[in-house]
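Read the structure below first, then the notes.
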Amino acid sequence: MNSSWRHEPAARDNMLKVAIIGGGLAGSALAMAVRSAHHLDLTLVEQRAIAFDSGVTASAEAASVDAVADRRSSALSYSSQQLLQRFGVWPDIARWAAPIEQIAVSERGQFGQVALSSRECGVPALGYVIPNEVLGQGMLSQVARADAQRFRLRSPATLTQAQLTPEQRWVLQFDTSDGVVSDTFDLLVFADGGKAAELCSASLTEQSGAMFEQHRHDYAQVAIIANIRSRTGHERRAFERFIDEGAIALLPLAGDGDLWYSLVVTVNSERAQRINSLEDAAFIDEIQRLAGFEPGIFTAVKARQSYPLSLLDMPGQIGPACVVIGNAAHTLHPVAGQGFNLTLRDVGALANILTAREMQNADATAINAGLAAYGQARYADQRMLIEITDLLVELFMRPGSTRPAVEDDRPNRWLPVSVVSALRKSRRVGFAMLNTMPFARREFAEAAMGLWAPQAAPWQPRQRPRIEALAEENMPS
């Protein structure tokens, strides 16, 4: 494959040259978000060979219909869907997205359930589940329709060297299928999981300090993911059930008669090893036992995978003329399903900075000031979601989590041990009470739809929006 999807003319003098390292969901989302900015000259760099087209391709068609059971998917909150609608990509991919119209949250073996519905909340759906391939291709297709003079792709290509000049411009060297290529950029965005950021940080030696330092906590848990078929279909319902030291989530998938769920089971490492060792028939029986029969009778399973779970947090995401987004900046436990939704909000805020009038003819001082503004705007949302997700793990998914917490149990970092213990004791009562209190249930629904986060972007007001206003708002592409 050619290393570029377009001719590569030199950038005009008044253009800001930006390199996005990583063409996965985070990098593709940012490229899509800034495509209308005429002062940006953008290069997207990806190690894999990306299939590029100006429309959602036949492979995407297969991803959600003929091969729905064989593909990985992402859960989008309602606010993320609205953001994709504003960026103009949603009409191209909506038919492959399964809307979540009902969510039931419960605890195995206990009375009480939190039931949420889109009708009660006044929105078309509480969220959407969409194949990753469709989502990524849809976003790249939007970039393909942009000005051919301002966007290019290097794929497959690997960043091998990086040097920051005294003028704070980055000189990069890539290994490509056409040989070694060098280029200079005003700004780098790392969206590749952190490898390129590590390389650039190392090139700065003593200047880097704690830049791009990752804090990691191992949860001693494993996520088992698969697609599982129900005999009666999902009816656009999602389920989350807490089980002993873990949880099981079932999210509806579009296609094939709406019979398939995306399954995520989180348990400790020893139990995960036992479940992973099961043949498909025994695996289905075990999932049925854990999930109960409300989601239906399971008949088939495909695409089984597993991976260890940890909290990854990068407090210093900004360096000289560079910034980190995506999983390298924050990798969350899947208990709340908010990892990619948080990344999309980061992308929206960064796009808001890069497309601003102040970035036209920007020098290094203006670029770094813009990145500092981005970091300040995103700090509260990132901190809040990281800590809330971590708290949910402490309350529901730790061994013996119904018992009082102790110091070596690593309770949530921002709550005292006594508070965590009290919350553990009261959580079951809270389930029952929450379902009898419409106002509280509504607040819970807004959090699930991504409407609680502190925002600093024009499409998400600083004050928390009410569901009715957001549902009725005209959001043109």
Side-chain angles (χ1 to χ4, degrees), residues 24-26 28-29 32-33 53 55-103 116-119 121-142 225 227-230 233-240 249-264 295 303 334 336-345 347-348 445 448-451 459 467 470-471 473 475-477:
L25 293 182
S28 298
M32 170 197 65
D53 197 350
V56 181
T57 63
S59 63
E61 180 87 31
S64 64
V65 182
D66 299 329
V68 61
D70 298 318
R71 308 294 177 135
R72 295 266 56 87
S73 299
S74 291
L76 300 175
S77 67
Y78 181 71
S79 64
S80 291
Q81 182 271 337
Q82 292 287 281
L83 184 54
L84 293 174
Q85 175 77 26
R86 178 172 289 275
F87 284 143
V89 68
W90 189 253
D92 290 343
I93 63 176
R95 62 193 174 109
W96 290 292
I100 300 173
E101 295 181 354
Q102 299 178 50
I103 300 176
L116 308 172
S117 73
S118 58
R119 178 177 298 182
C121 296
V123 292
L126 299 171
Y128 297 82
V129 185
I130 188 166
N132 289 344
E133 184 177 355
V134 172
L135 182 57
Q137 187 63 56
M139 293 188 295
L140 284 175
S141 296
Q142 291 293 312
I225 58 178
N227 293 327
I228 195 163
R229 191 178 191 270
S230 169
H234 53 65
E235 298 177 346
R236 300 182 173 183
R237 298 176 301 166
F239 300 88
E240 182 160 24
L250 291 157
L251 304 174
L253 293 173
D256 196 15
D258 290 348
L259 296 176
W260 289 89
Y261 289 100
S262 175
L263 167 72
V264 182
Q338 291 300 310
F340 182 62
N341 295 297
L342 180 60
T343 291
L344 270 183
R345 295 201 294 274
V347 164
M449 288 187 287
L451 302 181
W459 55 85
I467 289 177
L470 190 55
E473 182 181 3
M475 307 264 307
S477 60

Look only at the side chain of [X] and the backbone of [Y], and say whether a donor-acceptor pair between them is shorter than 3.5 Å.
| X | Y | answer |
| --- | --- | --- |
| Ser230 | Pro295 | yes |
| Asp92 | Gln137 | no |
| Arg72 | Ala303 | yes |
| His234 | Leu251 | no |

Find the distance between [atom1] ([X]) and [atom2] ([Y]) and round it off to the nearest 0.5 Å.
| X | Y | atom1 | atom2 | answer |
| --- | --- | --- | --- | --- |
| Leu126 | Arg119 | CG | CZ | 12.5 Å |
| Ser262 | Ile225 | OG | CD1 | 7.5 Å |
| Glu133 | Ser73 | CD | OG | 10.5 Å |
| Tyr128 | Glu101 | OH | CD | 8.5 Å |
| Ile103 | Leu250 | CD1 | CG | 12.5 Å |

Closest non-hydrogen atom pair, [X] against [Y]:
| X | Y | value |
| --- | --- | --- |
| Ala26 | Thr343 | CB-CG2, 3.8 Å |
| Asn341 | Ser80 | OD1-OG, 2.6 Å |
| Leu344 | Ala29 | CD2-CB, 4.0 Å |
| Pro99 | Ala125 | CB-CB, 3.8 Å |
| Pro252 | Arg237 | CD-O, 3.4 Å |
| Gly348 | Phe87 | CA-CZ, 4.4 Å |

Are [X] and [Y] packed together at the side-chain level, in the sense that at least one heavy-atom pair is separated by less than 4.5 angstrom?
| X | Y | answer |
| --- | --- | --- |
| Pro124 | Tyr78 | yes |
| Ile130 | Ile93 | yes |
| Leu76 | Leu83 | no |

Stepwise side-chain contact (heavy atoms from CB on, under 4.5 Å) check, Val347 with Met32: CA-CA 10 Å; Val347 164; Met32 170 197 65; over 6 Å; no

Verdict with reasoning, Asn227 to Leu253, per side-chain contact (heavy atoms from CB on, under 4.5 Å): CA-CA 9 Å; Asn227 293 327; Leu253 293 173; 3.6 Å; yes

